[in-house]
Amino acid sequence: MINHPADSCAADLSKSSASKAVAIFASGNGSNAENIIRYFQSNPEKGKVALVVTNRRNAGVIERAERLGVECLFLTRDQISDASILLPILKERDVKMVVLAGFLLMIPDFLLEAFPNGVINIHPALLPKFGGKGMYGANVHKAVVEAGETESGITIHYVSSEYDKGEHLFSASVDLVPEDTPETVEAKIHELERRFFPAVVAHVLASL
């Protein structure tokens, strides 16, 4: 597992990743997706984001992707669960890696089999605490505050067939104070996500 600081993630990548494409799956606002897209657009030698997939027609990530010139597809739960639909979409775009950035559906096993060590997720807490079904977004930060935690953070991990149980790739933490609210914790976590997530994605992509 890579530990904080993560600057080494982006360093000494001996193999060019310029031809390698990433697909981002997102269900919400899309701030992490935008950060990853911008990172690769600023560092094209490390790869590119070829596609954003969302399961919500009104997800904020749609506008963000379109504004940045990245193709965005809306797929229903049934379509995402259908290998005959999803896998050709990814193959046509030569996708080598799938990144979950606030994606709320369970990933089907066929996708994990098609992309071994190539599907990763970011969780807005220090796993194994505050993980599992229903632990996403504001729910996580509220639980952290109610538990009186003195720190929180992010965990980037491989995706497995169980929520938040895949092997850890990277974690970073931030101190909390008694005055913190779910909103202030969320702001601290967003800063960690912005700082580290794109570089970890690039690091994993270079290894594929």
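A quick note: this is a predicted structure, and the numbers were derived from the prediction, not measured.
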Polar contact flag, side-chain donor to acceptor under 3.5 angstrom, S84-D82: yes
Please report the closest heavy-atom contact between V70 and V49, naming both atoms and the distance. CG1-O, 3.9 Å
In terms of heavy-atom contacts, does CZ of R67 have more than 12 from other residues, nucleotides or ligands at under 6.0 Å? yes
If you measure from CG on L176 to NZ on K188, what distance do you get to the nearest 0.5 Å? 5.5 Å
A side-chain contact here means heavy atoms from C-beta on lying under 4.5 Å apart; do L126 and S173 qualify? yes
Between atom CG of L68 and atom CD1 of I37, what is the distance when rounded to the nearest 0.5 Å? 5.5 Å
Polar side-chain atom of D180 near backbone of V177 as donor-acceptor pair, under 3.5 Å: yes
Nearest heavy-atom approach of K142 to P182 is CA-CG, 3.9 Å
Checking F103 now: which residues fulfil ring pair (Phe, Tyr, Trp, His ring centres under 6.0 Å) with it, not counting sequence neighbours? F25
Side chains of T181 and E183: is there a donor and an acceptor less than 3.5 Å apart? yes
Under 4.5 Å between side-chain heavy atoms, hopping through other hydrophobics if needed: is there a path connecting Y163 to L100? no
If I take atom CG from residue L169 and atom NE2 from residue H157, how far apart are they, to the nearest 0.5 angstrom? 9.0 Å
According to the side-chain hydrogen bond (donor to acceptor under 3.5 Å, both in side chains) rule, which pairs have a member within residues 132-141, sequence neighbours left out? none
Linked, directly or transitively: V119 and L87 (ILVMFWY side chains, under 4.5 Å): yes
Inter-residue atom distance F130.CZ - E146.CD, 0.5 Å rounding: 9.5 Å
